[in-house]
Visitor: 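Take this structure, written in structure tokens, and hold onto it; I'll ask about it next.
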Amino acid sequence: MAGASLDELFSRVLRARIFQNREILRPDYIPDSLPHRERQVYKLASVLAPAIKGARPSNVFIYGVTGSGKTAVTKYVLKRLVEESSKLGILVGYAYVNCKYNDTNYRVIAELCDALNASIPFTGLSTAEAYRRFVKALDERGGTFFVVLDEVDALVKKSGDETLYKLTRINMELYNSRVAVIGITNDLKFTEYLDARVRSSLGEEELVFPPYNAAELEDILRDRASKAFYPGVLDQGVIPLCAALAAKEHGDARRALDLLRVAGEIAEREESNKVLEEHVKKAQREIERDRVVEVLKTMPLHSKLLIISLHLLRKKDINKVATGEVYNVYCDLSKKLGLEPLTQRRISDLISELDMLGIINAKVVSKGRYGRTRIVNLNVPEKNIYDAFSNDERLLSIL
DNA sequence: CGTCCACAGGAATGACGGGCGG
DNA sequence: CCGCCCGTCATTCCTGTGGACG
């Protein structure tokens, strides 16, 4: 019986001819061509090109909303540059650090050392010592080295611009090698946070990536889909729908590609031989759900309690709550679980964090002489909260 | 027009756990 | 192994503030 159903399963999988190569739709895939980014590719390449002569290129600052191709263009140009220079026997390398996940000075430097195969422990050293080792490793290696700091605004907002400052002056400490910094940010007002010296040296060259519009997203999707899917499996409305949905999300190409890929996966699961518009709609719900549940699951306990507090308030039809009210509910919950509540100051920070993650909306509002507070409301469907917390009995007991 | 609420959010400081050099 | 220094999380104390009310 089981054997028969497995046979059936395997033959179904074999018959399902949706994806030719789904890797092409993954967000970290670097395509051979970047439609509608020719100008940016050319500009960036011309700024970085001196590296193939062994000269130090200018530092570059790249602006653009998420999914506007900043990372793809940067990696693409660097990849080509490294290939070209190795043909010429010139040493060019780069380190790519996403500062959203490495948002302390120490972790950034640790990542940079990693890229040079000079690994350092993830804690225990002073930042100054970590930096010293990085400089040493660099100079022993020689050549030109690009430091790509993606989402660099996250680093500066959390930990200041000290590392950035050091990196822009690092060439004075190097004898055999050169460093150029490529800063990437989606925050257009970001430079306001920077020290003037850092601003001017990092901004030697600036590059702006406008968001894609729906038509451009369609081109990108068609380009990739032609290699990712078998011919004819996409219903004609699928690509325009993905493009339109992503265009609403400030023209996010990553979102568009995710939608297309997940829609394909859903079609495959449902054993459909075509990807239909309804699969795209399902994909959109699934992507959002997965993202939220994943974030909720990995949150620290007190942030979870905060979410549950907001959830309980919402159940009572109270959607827009001031910080003080949430805090009261949260304190009750903590005590019910026998936990010492965190202070309001700390909760204030947690609220900011959750806001940045998009789990809640928090907006500073002045209610005149009735004070100034943040109005918070929860952004997560009830079902997702249960999904995320269902493996913790303590949390379930208060839900 | 000044007051004053209810917090926001900065600064200083402490507790904790981890790696380092000796 | 020990004492030391570090990053991180959390607390304490603090100053700042938009705008309705009087």
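Letters go in sequence order (proteins before strands), and every chain restarts at 1.
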Visitor: Is it the case that the side chains of N379(A) and N361(A) hold a donor-acceptor pair, with the cut-off being a distance below 3.5 Å and no angle test?
Guide: yes
Visitor: Treating primed atoms plus P, OP1 and OP2 as sugar-phosphate and everything else as base, which nucleotides of nucleotides 17-22 of chain C get B, S or - for protein heavy atoms under 4.0 Å?
Guide: BBBBSS
Visitor: Atom CG of L350(A) to atom C1' of dT8(C): distance rounded to whole Å?
Guide: 13 Å
Visitor: Between the protein and nucleotides 10-13 of chain B, which nitrogen or oxygen pairs are less than 3.5 angstrom apart?
Guide:
from	atom 1	to	atom 2	distance (Å)
dG10(B)	N7	R345(A)	NH2	2.9
dG10(B)	O6	R345(A)	NE	2.8

Visitor: Just to verify, what does R141(A) make a salt bridge (Lys or Arg N to Asp or Glu O under 4.0 Å) with, not counting sequence neighbours?
Guide: none
Visitor: Out of dC7(B), dG21(B), dG7(C), which nucleotide sits closest to the side chain of Y106(A)?
Guide: dG7(C)
Visitor: Sort and list the pairs that fulfil salt bridge (Lys or Arg N to Asp or Glu O under 4.0 Å) and have at least one residue in residues 363-383 of chain A, not counting sequence neighbours.
Guide: K383(A)-D387(A)
Visitor: Which residues end up grouped with L276(A) if you chain together Ile, Leu, Val, Met, Phe, Trp and Tyr wherever their side-chain heavy atoms are less than 4.5 Å apart?
Guide: none
Visitor: Quick check for you: among dG9(B), dT8(C), dA6(B), whose closest atom lies nearest to any side-chain atom of S352(A)?
Guide: dG9(B)
Visitor: Reckon T373(A) touches a base, only the sugar-phosphate, or nothing at all at heavy-atom distances under 4.0 Å?
Guide: sugar-phosphate
Visitor: If you group Ile, Leu, Val, Met, Phe, Trp and Tyr whenever their side-chain heavy atoms sit less than 4.5 Å apart, what else falls in with Y212(A)?
Guide: L217(A), I220(A)
Visitor: Is the shortest side-chain N/O distance from S348(A) to OP1 or OP2 of dA8(B) below 4.0 Å?
Guide: yes
Visitor: What's in the same ILVMFWY side-chain cluster as Y42(A), cut-off under 4.5 Å, chained through other members?
Guide: none
Visitor: Return no unless some side-chain N or O of R107(A) is found under 4.0 Å from OP1 or OP2 of dT8(C).
Guide: yes
Visitor: Would you indicate whether the side-chain heavy atoms of F19(A) and L25(A) approach each other to under 4.5 Å?
Guide: yes
Visitor: Rounding to a whole Å, what distance do you find between H302(A):NE2 and dA10(C):C1'?
Guide: 10 Å
Visitor: In whole angstrom, what separates Q344(A)'s CD from dA8(B)'s P?
Guide: 6 Å
Visitor: Expressed in angstrom and rounded to an integer, what is the separation of I375(A) atom CD1 from dA8(B) atom C1'?
Guide: 13 Å
Visitor: Between L301(A) (CG) and dC9(C) (P), how many Å, whole number?
Guide: 15 Å
Visitor: In residues 323-335 of chain A, which ones come under 4.0 Å of DNA chain B, going by heavy atoms?
Guide: T323(A), G324(A)
Visitor: When you compare the side chains of N59(A) and T168(A), does any donor N or O come within less than 3.5 Å of an acceptor on the partner?
Guide: no
Visitor: Any pair with a residue in residues 25-40 of chain A that passes salt bridge (Lys or Arg N to Asp or Glu O under 4.0 Å), sequence neighbours left out, goes on the list, sorted by first then second residue, please.
Guide: E23(A)-R26(A)
Visitor: Expressed as a whole number of angstroms, how long is the span from L306(A):CG to dA10(C):P?
Guide: 12 Å
Visitor: Tell me, please, which residues at least two apart from K274(A) pass salt bridge (Lys or Arg N to Asp or Glu O under 4.0 Å).
Guide: D235(A)
Visitor: D349(A) CG to dT12(C) C1': how many Å, rounded?
Guide: 13 Å
Visitor: Side-chain polar contacts of residues 255-263 of chain A - donor-acceptor pairs under 3.5 angstrom, sequence neighbours left out - could you list them?
Guide:
from	atom 1	to	atom 2	distance (Å)
D258(A)	OD1	R261(A)	NH2	3.1
R261(A)	NH1	E265(A)	OE2	3.4

Visitor: Distance-only criterion, 3.5 Å: show the donor-acceptor pairs between side-chain atoms of residues 295-310 of chain A and protein atoms not counting sequence neighbours.
Guide:
from	atom 1	to	atom 2	distance (Å)
T298(A)	OG1	E294(A)	O	3.1
T298(A)	OG1	V295(A)	O	3.2
H302(A)	ND1	Y330(A)	OH	2.6
K304(A)	NZ	K297(A)	O	3.4
S309(A)	OG	L305(A)	O	2.7

Visitor: Quick one: R346(A) CZ to dT8(C) P, roughly how many Å, whole number?
Guide: 12 Å
